[in-house]
Structures are given as structure tokens and as C-alpha cells.
There are 2 protein chains.
Amino acid sequence: MGLTKSEIFTTQQNRIAAIAKVLGHPARIAILQHLLKVQSCICGDLVDEIGLAQATISQHLREMKNIGLLKGDIDGTKVCYCIDEVMFKEMGGIFTELFQADLKGCC
Amino acid sequence: MGLTKSEIFTTQQNRIAAIAKVLGHPARIAILQHLLKVQSCICGDLVDEIGLAQATISQHLREMKNIGLLKGDIDGTKVCYCIDEVMFKEMGGIFTELFQADLKGCC
DNA sequence: TTGGTTTATTGCAATATTACGATTAATAAC
DNA sequence: GTTATTAATCGTAATATTGCAATAAACCAA
């Protein structure tokens, strides 16, 4: 069906999944890594850097902005994108928590 | 197109994305959390616990097994699923590394 | 004002994902 | 052997995602 049954899961489960989903595409990982390196840049820089069409990069940026991972500051015709520090830390915390459990036994 | 252009990204970027993608569905988060709690269980347990059809749970389990997050030990007609400790730790490390950067400036 | 730059949006095509019923295969229990 | 249990797979339908060309919108520079 292509339609996730969100209503049968907890808010926390849906949230973790939504955050992981945004990281689930190499273009968005590339965008994140580039922004970690240069602090901030415009959409056109990412088009040059990554090699996807402008419309495609813009679409990925929107998804990252939608969950709050990126901020976009309008500066004339350009939009200065950067990582939202608060969300970045929150995301780090979510994964730290998820993976900090130590596994006891197995089959 | 629905077809990711994997070839323009680094192996590392594709790998991080593939790992995140598996976590990008609430059912798979629910499966992971349940296994963290009970160490190991069979497919039918997850069907009861989560409330999706058996075929659907089986499909999610396969995806998690495909990237190495889960192991499945056949035990008669049952299959005992549990988390692969090595992969679990590796995944934790990947996210720790990705989110440990401290952001300097912004727009 | 005119033309150039930059980004968002729209529309579309191709592929992927999610979900489930039905079936199959394999073992267990009797 | 027959029947029940369990899980994988197949087929299918509905929706989502990815990617791009074309366009629109907004600003800047001359």
C-alpha cells in the first residue's frame, strides 16, 4: 500500500523513524556532511558539490528543514542553509539512547 | 524516478544512508525496541505485539536481517530472532561519530 | 526597466515501499 | 499419515519517493 500505519505506533517510535528516514538517503547525508564542514552554504553550492539537479537538491533541503534539522536564512536571492544546533544535538541524543543498551543474550 | 543515484555518492555515505533507512520505519523501531527488551523472540510474537500482518512483519524482519542488524536462528518451525551485537555496536558508533561534531557558526 | 541570479514549486515519469491475502514449505504433534 | 503451527514468499494494490525539466517568484545589478 505504501502507507505506513502510524496510528498503531507510539509517538516516540514515529518520531525516531521520521528522523532516521531523513538520514536514509545518501544525498541528505552528503548535505549534512558538507554543512558540518563549511558551517553554512547556499543551495547552488550543494548542486555543484553533489551533482544532482537544483530541483532535486531543493527538495532534499526542504525535507531536512521540515523535521527541523536545517535552517534557511533568506539573504537576497540566496538562501543560507545551516544546521540547527538544537535539533542536531537532540538527534544525536536520540541515537545515543537507542544504541546505548547492552545486549545480554541471543539465540 | 524513485531510483537513488548511488553511484555519485561515497561508499560511506551510501552505507550510513542504508543503515538509517532501515531505522526509518516505526515498525522496525518497534521490532528493535522489543528485541532490546526481551533479547529474542519469534516472528509470531512480533505480530501479536505490533499488530501488523504476519507477511508484513516478515518483510520488515528480512530488511533488518539484510543489513545485518538481526540474526534469525531456525528452531523447528519457529525462527528465533535477535539483535546482532557486532552490527548493533557498529551502528551505534556510526551515529555517535556523525553527531559528535560541534557546530561553530550559523547564518 | 531590463537582464541575470538564485531558489521554490509544479508536473511528470519511473521506481520503491508498505501492507495484506493466499499460498507454500517445513517441522511438530498426534 | 494427518493435521496444526510457523514463517517465507508471491502476487497485487495503493501510496511514497526520487529525479528532472520547466516555470515562477524574488531579488540584485546595470
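Quick caveat, the model's predicted, so the values are computed rather than measured. Proteins get letters first, then strands, A, B, ... in listed order; numbering begins at 1 in each. Heavy atoms only: backbone and side chains are in, while hydrogens, waters and symmetry mates are out.
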Evaluation steps, side chain to side chain contact (heavy atoms under 4.5 Å, CB included), between A/Ile16 and B/Gln33: CA-CA 11 Å; A/Ile16 296 175; B/Gln33 288 180 333; 4.1 Å; yes
Rounded distance [0.5 Å steps], CG in B/Asn14 versus NE2 in A/His25: 9.0 Å
Whole-Å gap separating C1' (D/dG19) and CD1 (A/Ile50): 14 Å
Solution key, residues 56-70 of chain A side-chain donor-acceptor pairs under 3.5 Å, sequence neighbours excluded:
{"from": "A/His60", "atom 1": "ND1", "to": "A/Arg28", "atom 2": "NH1", "distance (Å)": "3.0"}
{"from": "A/Glu63", "atom 1": "OE1", "to": "A/Arg28", "atom 2": "NH1", "distance (Å)": "3.3"}
{"from": "A/Glu63", "atom 1": "OE2", "to": "A/Arg28", "atom 2": "NH1", "distance (Å)": "3.4"}
{"from": "A/Asn66", "atom 1": "ND2", "to": "A/Arg62", "atom 2": "O", "distance (Å)": "3.4"}

Value in whole Å for how far the P atom of C/dA8 lies from CD1 of A/Ile42: 10 Å
Flag side-chain contact, heavy atom, 4.5 Å: A/Phe95 against B/Leu98: no
Residues touching DNA chain C, which here means a heavy atom under 4.0 Å, drawn from residues 4-30 of chain A: A/Thr4, A/Lys5
Interatomic distance, B/Leu46 CG vs D/dA8 P [rounded to whole Å]: 11 Å
Rounded distance (nearest 0.5 Å) linking atom CD of B/Gln13 with atom CD1 of A/Ile50: 7.5 Å
Near-strand residues of residues 54-85 of chain A, defined as heavy-atom separation under 4.0 angstrom from DNA chain C: A/Gln54, A/Ala55, A/Ser58, A/Arg62, A/Thr77, A/Lys78, A/Val79, A/Tyr81
Selection residues 61-94 of chain A - residue pairs positive for ring pair (Phe, Tyr, Trp, His ring centres under 6.0 Å), sequence neighbours left out: A/Phe88-B/Phe99
Pair listing, salt bridge (Lys or Arg N to Asp or Glu O under 4.0 Å) test, anchored in residues 75-102 of chain B, at least two apart: B/Arg15-B/Glu90, B/Glu85-B/Lys89
Between C/dT15 (P) and B/Leu3 (CG): distance, integer Å: 7 Å
Qualifying disulfide (SG to SG under 2.5 Å) pairs, either residue in residues 48-99 of chain B, two or more places apart: A/Cys106-B/Cys82
